[in-house]
Amino acid sequence: MAYEPLELEARMQKRWEEAGVARTPEAPGRPNFYCLEMFMYPSGRIHMGHVRNYTIGDVVARFQRMRGKNVLHPTGFDAFGLPAENAAIKGGVHPKAWTDANMAAMRSQLRRLGFLYDWDREVVTCEPDYYRWNQWFFLRMYEKGLCYKAKRPVNWCPECATVLANEQVENGTCWRCHNPVEMRELDQWFLKLTHYAEELLRNLDDLTQWPPEVVAMQRNWIGRSEGALVHFPVEGRERPVTVFTTRLDTIYGATYLLLAPEHPAVGEITAADRRPEVEAFRARMRSQSTHERATTREKEGVFTGAWALNPFSGERIPVWVANFVLMDYGTGAVMSVPAHDQRDFEFARAYGLPVRVVVQSGNLSAETLEAACPDDGVLVESGPFTGLPNREAARRMGAFLEEKGLGQRTVQYRIKDWGISRQRYWGTPIPIVYCPECGTVPVPERDLPVLLPKDVAFTGRGRSPLATREDFLKTPCPRCGKEAQRETDTMDTFVDSSWYFLRYTSPKESSAPFARGAVEAWCPVDFYIGGIEHATMHLIYCRFFTMVLRDLGLLPFGEPVKRLMCQGMVIKDGAKMSKSLGNLVEPDEMVARYGADAVRLNMLFVSPPWDRLDWQDSGAEGAYRFLARVHGLVEEWAEDLKGPAEPGEGPVHPLRRKVHQTVAKVEGELEGRLKINTAVAALMELANAVLAFAASYDRSPGQRFVFREALTALVQLLAPFTPHLADALWERLGGQGFLVDGPWPAWDPELAAEEEVTLPVQVNGRLRAQVTVPAGASEAEILEAARNHEKVRPHLAGRTVVKEIAVAGKVVNFVVR
RNA sequence: GCGAAAGUGGCGGAACCGGCAGACGCGCAGGACUUAGGAUCCUGUGGGGCAACCCGUGGGGGUUCGAGUCCCCCCUUUCGCACCA
């Protein structure tokens, strides 16, 4: 029978379904393993990026189950979000209907690919059963002071008509639509990410099974820096201006002060002496978009007319406003030290402000300086601190600062609190009521969930659509009963994805977000796979949530994921696959042609999982041919292999050795470094060896034993990669049940060991011959064999052997003169 | 600009600890079987000589008996951050 993957796969999937093989096993006494892939946004259809991500996960999940573990391998949908709402605005479909239709289509695509998901545990975040717990967490955090409302300048995307979190702004543009982001002063709900900044940073050291680039990106994102707050008295202002600096040692070189255009002190200190140019400058800065501000490199500024006092030197220095000083980092004010900071240097040169060297690291002179010098050195012109090495000086100056009440040492983080308010419909309603009497009142737990109303007007602009529903908006105050108004913003969908992995452990739990016992049994996640684009969004947020839930007493651990892998991007014609570029490749057509097994295998084989993969439609054909050969082998010999077989006497048959080596190789890859492409290559090698063996197979019991062992092992090893074919062939060979429940073949190191080794023989490092010696040969025996090799002798003749090197199992090298 | 990763046949890639460079596959070439083949099977496939041998992992230097792998300089590509004081 020819290899007909469509028929075969349909048959196997039906039988898996009937037998319920995907149900999560919870056998007592077996170790648990939680294999998770980042769940999907229901954008429409599955594309090759999904196929790659989920195939890698499926291989690991199936392998671990074959190894005898209980494996939790769930999936679901990150079902809230803007595209559903945009579709509603554009096409008049309700976001729920749009989402449901997409999920149905994607589910069937996933099933077709044969992924072993326990669909009974599916989590869909737009369901009230799920999002009520978002509201519940919100209230718990509110009680603990980890959730608060504040009026703050926030990132606003005019295109999406909503606020964005700091993490969701890329290069001054919206992470979703890539239009320029503006700053707007809005009342927003925030989660206190900064409360965990230190722990988020510190724990990174322990995430040794995370890709180092993700750790680096998070470290950079958290952006810890040690420094000091220093108060500079300003003439004509009661309160001083406080700056943040990491270079307190350079304070004697601070020749002027800089304020961000938005700094509140600017208005106060210019009030006495209204300088129109200051207001004009601020107005111009205000009119710039975030993107414009972020990309302008020229240093621009204007003198405020005010003067400050350097608290260390007592020097009178001018106060300027500058475009490159950011209001949202530090205090929005900096002391400018042009000799030792490049930005300050450029500014000073542009406006003719004084440059003073205060850390001498050679023979720097203010007159000849061409760029700022940030190097370490010895303090000069620094009052009582002159002569000290600058690092030592920084310590003493910090102590001095605090002693004299001039400021304090502090730590600054770049990471900010997480703004979660979204002025949109398709998300979790924020469970807050505003009462004219009682103020901000949290919705009592017994009234959860606050249901998202179905019918609203999708204006797509301005206020949240929820505000258009009087019956949603107006509600009695939970505290005093008077008429009050609900919060109409919804939550950022990243809240939904911050804890979904916990919900999978007990998805039907109705009295809590998750069952404590179930979470303790399965979590933290053993292996998590997803795209690196979430390095500073989802992967920070879910770590934060885990810490918060731990501190709320809900979890016994503070890190969600033990091992993380980021699969490489699937690109097409040099560009990332995306709907907007129109280069999405869906698996369906190829699956219809070559079968799911071939598509999966090709995806795994063609490059290491974490490398970028430029998609070529042609690849699956090779995988198909390989599978057809294996299929043909089993079809041809299955009957014969039922005949008498016994292990023969004498040396280990080379095919047996290859079998045991291959099991060791594949097992090692799937257990360890996961360079899955080389595991697939090893399977192909084994298949080639079996094919070659079959050509001279003599049907003796001894050979039959070797043949049967080899073919059986090959089929078992294929099971995680190409489960349909493997199960079908397993049945053909007389195997019981489905391979996902094992057994995984055992390998014997003695059978895998080579009896002879072939060593390269070099003369002066150049390859001259190869010698084959017994595996246990001594150094002397190896050298003897090498010396006498006919191709080596001429190279040694008439020369003096200076050195003989024999590295067991590796190489022989003669150094001659 | 700063930071990280990477550069290997016509292509995807392999070489895990410094030890035979190019596993495995695609493609290509020749052959077999065929009415035919874009099916299947066999053989070959880094370059030059077609033998001995020489050259070869972005370029240049170095360490070593031995370097794709380690060190220094340079080039290129990709990714991340982007005035973080």
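Only this structure's heavy atoms are used, side chains among them; waters, hydrogens and symmetry mates stay out. Quick note on labels: first sequence line is chain A, next is B, and so on, each numbered from 1.
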Could you state the atom-to-atom distance from CD1 of I532(A) to C1' of rU78(B) in whole Å? 12 Å
Quick one: the side chain of K675(A) and the base of rC16(B), do they pair up donor-acceptor inside 3.5 Å? no
What integer distance in Å separates R799(A):CZ from rC65(B):P? 18 Å
Interatomic distance where CD1 belongs to I222(A) and P belongs to rG3(B) [whole Å]: 20 Å
Taking the chi torsion of rC79(B), is it syn (within 90° of 0) or anti (everything else)? anti
Pairing partner of rG1(B) (Watson-Crick or G-U wobble, both distances under 3.5 Å): rC81(B)
CG of L767(A) versus C1' of rC65(B): gap in Å, rounded? 15 Å
Is NZ or CZ of K299(A) both nearer than 6.0 Å to the six-membered ring centre of F324(A) and within 45° of the ring axis? yes
Separation of rC26(B) atom P from E621(A) atom CD, nearest Å, is 9 Å
Among rA85(B), rA15(B), rC65(B), find the nucleotide with the atom closest to the side chain of R343(A). rA85(B)
When the distance from CG of D614(A) to C1' of rG25(B) is rounded to whole Å, what number comes out? 17 Å
Scan every strand shown for a Watson-Crick or G-U wobble partner of rC50(B), both distances under 3.5 Å, and answer none if you come up empty. none
Are any side-chain N or O atoms of N390(A) and backbone N or O atoms of G377(A), one a donor and one an acceptor, separated by less than 3.5 Å? yes
Paired nucleotide for rG44(B) [Watson-Crick or G-U wobble; both distances under 3.5 Å]: rC28(B)
Please test D341(A) against R247(A) for side chain to side chain contact (heavy atoms under 4.5 Å, CB included), starting from the C-alpha separation and ending with a verdict. CA-CA 9 Å; D341(A) 180 285; R247(A) 290 296 304 272; over 6 Å; no
What integer distance in Å separates K791(A):NZ from rA51(B):P? 12 Å
Taking only side-chain nitrogens and oxygens of R612(A), does any of them come within less than 4.0 Å of OP1 or OP2 of rG13(B)? no
With syn defined as a glycosidic torsion within 90 degrees of 0 and anti otherwise, which applies to rG9(B)? syn
Between N764(A) (side chain) and V816(A) (backbone), is there a donor-acceptor pair under 3.5 Å? yes
Gap between atom CG of L683(A) and atom NZ of K665(A) - 0.5 Å precision: 10.5 Å
Can you tell me the pairing partner of rG22(B) across any strand shown, Watson-Crick or G-U wobble, with both distances under 3.5 angstrom? none
Answer for the Watson-Crick or wobble partner of rU34(B), both distances under 3.5 Å, is none
Identified pairing partner of rG7(B), criterion: Watson-Crick or G-U wobble below 3.5 Å: rC75(B)
